[in-house]
Amino acid sequence: MSMMEMTIEQFLRELASDSPAPGGGSVAALGGALGAALVSMVARLTMGKEKYKEEWVLMEELAEKADKLRDEFLALMDEDVLAFNEFMQAMRLPKDTDENKAKRSVAMQEALKKAALVPMETLRACLELSKQAVLVVEKGNVNAITDSGTALLLSSSAAKAAAYNVRINLGGIKDQKFCDDLRANLKDLLKEIDGRVIEGLKKVERNL
């Protein structure tokens with residue numbers, strides 16, 4: 001069953017089981033989805049309020065973008081599990097001959113790359129979430145400032161969790177250029193997200 005089709009209780013039971021997937025990668029994507037949903041909520045709580053009339057068009061656009069981002073995060077939850085399962089399938093390939101060993105090694109390397117790239121997409125989506133969350137912090141309904149702040153916090157925690165899942169998979173990949181490129185991108189993304197979150201949270205604190 002797709003995790004998007006599960007109830008919250010079903011997902012948590014599956015997460016708590018002895019199955020290694022879903023795991024941290026899917027939880028990172030779920031955190032991003034929750035943050036995006038909060039952005040949509042605050043945007044819609046801002047639309048129609050006379051006090052924020054100048055921001056109505058922006059908030060309408062933002063709500064739609066956040067809805068799409070939420071769906072992207074939800075899809076990444078399933079993609080993370082699929083990537084893990086592909087690696088496990090590669091692990092189970094026969095290794096009784098030199099030829100089979102070589103084929104198994106290639107399959108495992110490709111599966112590891114995919115397992116690193118999926119949480120990397122979650123991390124990139126977290127950057128977009130941080131941008132959207134900053135907008136609702138700065139221009140959204142101040143009565144929902146803590147909801148905007150929660151979205152910001154989720155963009156940060158989900159990004160760091162996704163980064164862990166990228167890094168652990170890079171440890172088994174032999175393609176050094178691939179690893180170096182991803183590590184550099186990962187570092188830049190986390191730095192940009194952290195900068196946005198720190199500045200956004202200052203405004204949240206000023207409004208409490």
Side-chain angles (χ1 to χ4, degrees), residues 3-4 6-9 11-12 15 22 24-80 118-166 185-208:
M3 282 175 285
M4 288 187 282
M6 292 181 181
T7 65
I8 293 174
E9 183 181 7
F11 174 75
L12 292 177
L15 186 64
S26 293
V27 170
L30 176 59
L34 293 170
L38 281 170
V39 169
S40 296
M41 183 191 80
V42 177
R44 292 188 170 100
L45 286 172
T46 306
M47 292 156 54
K49 302 293 190 298
E50 194 64 29
K51 179 180 178 181
Y52 303 99
K53 191 170 185 178
E54 292 183 0
E55 311 297 345
W56 287 0
V57 173
L58 172 65
M59 290 297 147
E60 184 176 4
E61 293 174 351
L62 185 57
E64 292 177 1
K65 288 180 180 178
D67 286 345
K68 290 179 181 177
L69 186 61
R70 184 186 73 239
D71 290 342
E72 181 180 342
F73 277 121
L74 289 175
L76 284 165
M77 289 177 66
D78 278 331
E79 287 181 32
D80 192 84
V118 172
M120 196 69 191
E121 286 304 309
T122 300
L123 184 50
R124 292 191 180 98
C126 286
L127 174 59
E128 177 59 25
L129 173 58
S130 71
K131 293 176 181 179
Q132 293 181 3
V134 165
L135 278 176
V136 287
V137 165
E138 293 178 345
K139 300 179 182 295
N141 191 328
V142 73
N143 292 326
I145 193 72
T146 54
D147 300 297
S148 302
T150 300
L152 262 179
L153 289 171
L154 285 167
S155 74
S156 177
S157 59
K160 289 179 172 62
Y164 281 152
N165 284 271
V166 175
N185 288 338
L186 184 152
K187 184 178 179 181
D188 289 343
L189 285 166
L190 286 176
K191 183 178 180 180
E192 186 172 354
I193 292 168
D194 283 344
R196 292 177 184 278
V197 171
I198 289 168
E199 288 304 309
L201 290 178
K202 287 179 182 178
K203 179 160 187 180
V204 174
E205 291 290 339
R206 287 196 296 269
N207 281 274
L208 293 179

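Values below: every heavy atom of this structure, side chains too, minus hydrogens, waters and symmetry copies. For clarity, every value in this text was computed on a predicted model and none was experimentally measured.
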message: Are the side chains of Leu34 and Phe73 in contact, using a 4.5 Å heavy-atom criterion?
response: no
message: Testing the basics here: between Leu15 and Pro22, what is the closest heavy-atom pair and its distance to 0.1 Å?
response: CD1-O, 3.5 Å
message: Salt bridge check, Glu72 against Lys68: does any charged N sit closer than 4.0 Å to a carboxylate O?
response: no
- request: Identify, with sequence neighbours excluded, every residue that meets salt bridge (charged side-chain N to carboxylate O under 4.0 Å, His left out) alongside Glu121.
  value: Arg124
- prompt: Any side-chain heavy atom of Leu186 within less than 4.5 Å of one from Met120?
  reply: yes
message: Tell me if a side-chain donor or acceptor on Trp56 pairs with a main-chain N or O of Glu50 at a distance below 3.5 Å.
response: no
message: When you compare the side chain of Met59 with that of Lys139, does any pair of heavy atoms fall below 4.5 Å?
response: yes
- request: Determine yes or no for a side-chain-to-main-chain donor-acceptor pair under 3.5 angstrom, with Tyr52 supplying the side chain and Val142 the backbone.
  value: yes
Side chain to side chain, Leu38 and Met41, heavy atoms closer than 4.5 Å: yes
query: Where do Ser130 and Leu152 come nearest, in terms of heavy atoms and distance?
result: O-CD2, 4.0 Å
task: Give a yes or no on whether the backbone of Leu45 and the side-chain of Asn141 come within a donor-acceptor separation of less than 3.5 Å.
output: yes
Euclidean distance, Ser155 OG relative to Lys131 NZ, rounded to 0.5 Å: 12.0 Å
- request: List the steps, then state whether side-chain contact (heavy atoms from CB on, under 4.5 Å) holds for Thr122 with Asn165.
  value: CA-CA 10 Å; Thr122 300; Asn165 284 271; over 6 Å; no
query: Within a reach of under 6.0 Å around CG of Leu208, are more than 12 heavy atoms found that belong to other residues, nucleotides or ligands?
result: yes
- prompt: Do Ser26 side-chain atoms and Met77 backbone N/O form a donor-acceptor pair below 3.5 Å?
  reply: yes
query: Can you find a heavy atom in the side chain of Thr46 that is under 4.5 Å from one in the side chain of Leu58?
result: no
- line: Tightest non-hydrogen contact, residues Met4 and Leu74, listed as SD-CB, 3.5 Å
message: Do the side chains of Asp67 and Arg70 get close enough for a salt bridge, i.e. N-O under 4.0 angstrom?
response: yes
task: Answer yes or no: does atom NZ of Lys65 have more than 12 heavy-atom neighbours from other residues, nucleotides or ligands under 6.0 Å?
output: no
task: Only pairs at least two apart or in different chains count here, so list each salt bridge (charged side-chain N to carboxylate O under 4.0 Å, His left out) that has a residue in residues 155-165.
output: Lys160-Asp194
query: With a 4.5 Å limit on heavy-atom distance, are the side chains of Ile193 and Cys126 in contact?
result: yes
task: Identify the heavy atoms of Ala133 and Ser148 that sit nearest to each other, and give their distance.
output: CB-O, 4.3 Å
- line: For Gly31 and Leu154, the nearest pair of non-hydrogen atoms, with its separation, is O-CB, 3.7 Å
task: Report yes or no: does Ser40 contribute a side-chain atom to a donor-acceptor pair with the main-chain N or O of Ala36 at less than 3.5 Å?
output: yes
message: Using salt bridge (charged side-chain N to carboxylate O under 4.0 Å, His left out), reason through Lys202 and Glu199 one step at a time and then give a plain yes or no.
response: CA-CA 5 Å; Lys202 287 179 182 178; Glu199 288 304 309; 3.1 Å; yes
task: Can you see which heavy atom on Ala66 is nearest to which on Val39, and at what distance?
output: CB-CG1, 3.7 Å
Side-chain heavy atoms of Ile145 within contact of Val137, under 4.5 Å: yes
- prompt: Is the backbone N or O of Lys203 less than 3.5 Å from a side-chain atom of Asn207, with the two atoms forming a donor-acceptor pair by type?
  reply: yes
query: Just wondering, do Leu153 and Leu201 contact through their side chains at under 4.5 Å, heavy atoms?
result: yes
